[in-house]
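For reference, the structure is listed below as structure tokens.
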Number of protein chains: 2
Amino acid sequence: MRYRRQDVVERAIAVLDERGIDGLTMRKLAADLGVQPGALYHHFAGKDALLQAVADEILRRGRRPAEIMAWDAELQLLCVGLRDAMRRHRDGALLIAQVHRADAEALEQPLRAALGRAGAADDLARVGARALVRFVLAHEDDEAVDFALGLGLLLDGLRQRVSPSA
Amino acid sequence: MRYRRQDVVERAIAVLDERGIDGLTMRKLAADLGVQPGALYHHFAGKDALLQAVADEILRRGRRPAEIMAWDAELQLLCVGLRDAMRRHRDGALLIAQVHRADAEALEQPLRAALGRAGAADDLARVGARALVRFVLAHEDDEAVDFALGLGLLLDGLRQRVSPSA
DNA sequence: ACCTGAACACCGTTCAAGT
DNA sequence: ACCTGAACACCGTTCAAGT
């Protein structure tokens, strides 16, 4: 049988949901596809590249259209959207965090842009975006109310520095 | 030759610093000690228990005596102390974060206690302590100035909620 | 009590050879 | 182009047997 790259990614997500990130091995995925382990290396350079593609697909599915709103509401919505995308899959945050270590830019860019539009200095926008993304990654398993409270701490800090005269 | 538990832990830290967390395997550690891999299981139930002991030792070495100071300065000092303890070893934050997932209480307790003494409600103390610890774990590799700025965001948020009339 | 020797059940990755 | 078959170089863990 023949498999396209996208088929492999989708099967990998299914395996992830069934077995968790430790159970998502090249060999298990190959067996799941009815193929030899070595065959996967025709579609992906290695396991890292496969996980990157899986993370991209999970995030792509969670993406929402941009809306016009206040910058702090926009940041909150981006964070909640990221959280929701991760929580749709077993060990989602573990996977995204792993991939995020290799490519932080993709996740942080929209938040940094929003902070920039709000008038934050470059340093603040960069550090703030990073702190928000890592907060979301680190608090996947928290209760929604705790997540909102913790996120509020960061957003309050940002509000104080972006518009001190509020 | 005979090894005490503590000898194994210290050798493990040396291996960690040399090879990083992926290079700290039971087999490499055993070879480093001049012993068969199976021998390690007389000292530790498994790799998790070994890593737990390594993390405990790293944190123990970084512990400082308590001082009497303002609650926000105390939080900052605890966070910087944790950061410094981690940064003394290769992949320190990765190791501590891994162990922290199994036992969050040990790391968060001192921060939660400080927030409690400052008058924070239980929920705020719990969520605040957790956010601070995870911030430190997630920002090990950041520049000191970025770390301070990001930490300041959280501390500002906490100040606003702990003593709103400041 | 502590360690050896040897095995068991896994990994990711490579690559000649087939189709 | 895509996959098989088979190997290579690793893992963590277990356990009878030795001392």
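Protein chains get the first letters and strands the later ones, always in sequence-line order, with residue 1 at the start of each.
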inquiry  = Does the protein touch nucleotides 12-19 of chain D at the base, only the backbone, or not at all? Give it as B, S and - per nucleotide, heavy atoms under 4.0 Å.
reply    = BBBB----
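- Under the 4.5 angstrom side-chain criterion for Ile, Leu, Val, Met, Phe, Trp and Tyr, the cluster partners of A/M69 are A/L77.
- Every residue meeting the ring pair (Phe, Tyr, Trp, His ring centres under 6.0 Å) condition with B/F147, not counting sequence neighbours, appears here in chain and number order: B/F135.
- Remark: B/R87 does not engage B/D84 in a salt bridge, criterion side-chain N to carboxylate O under 4.0 Å.
- Nucleotides D/dA9 and C/dA9 have their P atoms positioned 22 Å apart, rounded to a whole Å.
- Phosphate proximity of C/dC3 to B/Q36: absent, as no side-chain N or O sits under 4.0 Å from OP1 or OP2.
- Taken to the nearest 0.5 Å, the CZ atom of A/R88 stands 12.0 Å off from the CZ atom of A/R83.
- Atom CD1 of B/I58 sits about 11.0 Å away from atom CG of B/L82, to the nearest 0.5 Å.
- Remark: P of C/dC10 and CZ of A/R19 are 11 Å apart, rounded to the nearest angstrom.
- The phosphate of C/dC3 (OP1 or OP2) has a side-chain N or O of B/H43 nearer than 4.0 angstrom.
- For residues 60-101 of chain A, the set of pairs meeting the ring-ring contact (aromatic ring centres under 6.0 Å, His included) definition, not counting sequence neighbours, is empty.
- Salt bridge annotation for B/E10-B/R4: absent, with no cationic side-chain nitrogen under 4.0 angstrom from a carboxylate oxygen.
- Partners of A/D103 by side-chain hydrogen bond (donor to acceptor under 3.5 Å, both in side chains), not counting sequence neighbours: none found.
- Remark: C1' of D/dC2 and CG of A/L33 are 14 Å apart, rounded to the nearest angstrom.
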Intra- and inter-strand pairs of DNA chain D in dot-bracket (Watson-Crick or G-U wobble, both distances under 3.5 Å; | for another strand) = ||.|||||...|||||.||
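- Distance, B/D22 CG to D/dA9 C1': 16 Å, rounded to whole Å.
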